[in-house]
2 protein chains.
Amino acid sequence: MNFYSMGQSKKEDFTVRENHIARYANALGHPARVAIIRLLLKKKSCICGAIVDEIPLSQSTVSQHLKVLKDAGLIKGEIEGVRVCYCLNEEEWEKAGKYLQELWKEKS
Amino acid sequence: MNFYSMGQSKKEDFTVRENHIARYANALGHPARVAIIRLLLKKKSCICGAIVDEIPLSQSTVSQHLKVLKDAGLIKGEIEGVRVCYCLNEEEWEKAGKYLQELWKEKS
DNA sequence: GAAATTAATCGTAATTTTGCGATGAATTTC
DNA sequence: GAAATTCATCGCAAAATTACGATTAATTTC
């Protein structure tokens with residue numbers, strides 16, 4: 001249920017670079033996930049419950065979106081007792097930014 | 001069959017900004033579409049047939065991906081006789097770049 | 001005008017996505 | 001240890017995505 005099993009996709013026929021970009025873009029391809037990322041950009045770290053409170057979707061749906069972002073590598077979740085503390089995966093986030101930036105720089 | 005009719009999405013519950021970002025990201029969320037964009041970034045303009053030749057997917061599937069990119073505003077298609085000449089929608093492309101760049105700058 | 005070319009669209013199949021409520025597992029708290 | 005809290009996962013429904021071949025529409029070319 002992640003990017004690497006979308007539709008009947010043929011990812012293997014595209015470059016690694018194209019797959020990376022698509023993978024990151026795909027993770028940001030839903031407003032709820034953009035909203036979650038923005039929360040984490042602002043708050044540094046955030047327990048899951050707080051995210052659920054901020055996003056106008058059910059707990060289970062928010063959990064799914066968190067999973068998509070986690071599978072894409074953009075966020076990390078750390079268990080803290082009963083809670084789970086989510087935060088950006090800074091390295092991957094920067095890497096994603098670099099990939100996208102480079103795409104825009106490709107213009108000749 | 002575009003971003004604004006995805007799943008049983010609730011786009012109206014998110015900010016306009018979040019929707020814009022998700023819309024652009026969504027368009028780039030498939031390696032074939034990234035590949036098409038890269039072609040257009042390199043070649044300035046490209047007739048549809050040449051794109052089909054470069055992308056390892058059937059003509060109809062490539063046509064669908066072109067439609068997704070066009071619906072997101074990222075590319076334009078101009079009829080030239082029997083052919084259709086595709087090119088980046090420069091303004092929208094820059095706008096998309098700006099939106100994404102700003103997202104990365106939101107880190108506090 | 002018939003034949004060929006080009007690209008969009010149709011029809012279909014398989015799979016994923018999005019969403020929700022319900023359930024389950026893990027940890028606290030009483 | 002029972003009850004409560006928290007969050008992931010299950011099960012389901014509706015719809016979108018991805019892919020393809022076949023067809024259609026619009027132009028050229030002969």
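Numbered from 1 within each chain, the chains take letters A, B, ... in sequence-line order. Quick caveat: nothing in here was measured; it's all calculated off a predicted structure.
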| query | According to a strict under-4.0 Å criterion, is B/His65 in side-chain N/O contact with OP1 or OP2 of D/dT17? | reply | no

| request: Take the protein atom CG of B/Asn19 and the nucleotide atom C1' of C/dT18, then report the distance between them rounded to whole Å. | output: 15 Å

| request: Please tell me if the side chains of A/His20 and A/Val16 come closer than 4.5 Å, counting only heavy atoms from C-beta onward. | output: yes

| said: Heavy-atom nearest nucleotide on DNA chain C for A/Glu80 versus A/Ala32: which residue maps closer to 5'? | reply: A/Ala32

| task | Measure from CD1 on B/Ile47 to P on D/dA26 and round the result to the nearest Å. | result | 20 Å

| query | Taking CG from B/Leu57 and P from D/dA19, how many angstroms apart are they, rounded to a whole number? | reply | 5 Å

| note | Here the distance between atom C1' of C/dT16 and atom CG of A/Asn26, to the nearest Å, is 10 Å

| Is any side-chain N or O of B/Gln59 under 3.5 Å from a base N or O of C/dA8, one able to act as donor and the other as acceptor? | yes

| task | Look at the side-chain N and O atoms of B/Arg83 and state whether any lies under 4.0 Å from the OP1 or OP2 oxygen of D/dT28. | result | no

Considering only distance and modelled atom types, tabulate donor-acceptor pairs under 3.5 Å from the side chains of residues 73-92 of chain A, sequence neighbours left out.
unit_1  : atom_1 : unit_2   : atom_2 : d
A/Asn89 : ND2    : A/Gly73  : O      : 3.2
A/Glu90 : OE1    : B/Lys107 : NZ     : 2.7
A/Glu92 : OE1    : A/Tyr24  : OH     : 2.7

| query | Which sits closer to the 5' end of DNA chain C, A/Val82 or B/Cys85, going by the nucleotide each is nearest to? | reply | B/Cys85

| In whole Å, what is the span from the CG atom of A/Asp71 to the P atom of D/dA8? | 12 Å

| said: Among residues at least two apart in sequence or on other chains, which ones pass side chain to side chain contact (heavy atoms under 4.5 Å, CB included) with A/Thr61? | reply: A/Leu57, A/Ser58, A/His65

| Are A/Val68 and A/Arg33 side-chain neighbours, meaning at least one heavy-atom pair lies under 4.5 Å? | yes

| message | Using OP1 and OP2 only, check whether a side-chain N or O of A/Ser63 sits under 4.0 Å from D/dA8. | response | yes

| request: May I have the distance from A/Leu66 (atom CG) to D/dC7 (atom P), rounded to whole angstrom? | output: 10 Å

| message | Check the phosphate of D/dT6 against A/Tyr86, side-chain N and O only, distance under 4.0 Å to OP1 or OP2. Yes or no? | response | no

| field | Phosphate OP1/OP2 of D/dA19 contacted by B/His30 side-chain N/O (<4.0 Å) | value | yes

| task | Compare side-chain N and O positions of A/Ser58 against OP1 and OP2 of C/dC20 and report whether any pair is under 4.0 Å apart. | result | yes

| message | How many whole angstroms separate atom CZ of B/Arg23 from atom P of D/dT17? | response | 12 Å

| In whole Å, what is the span from the CD1 atom of A/Ile36 to the P atom of C/dT18? | 11 Å

| message | If you define the side chain from C-beta out and look only at heavy atoms, does anything of A/Leu41 sit under 4.5 Å from A/Trp93? | response | yes

| Is the distance from OP1 or OP2 of D/dC20 to the nearest side-chain N or O of B/Thr61 less than 4.0 Å? | yes

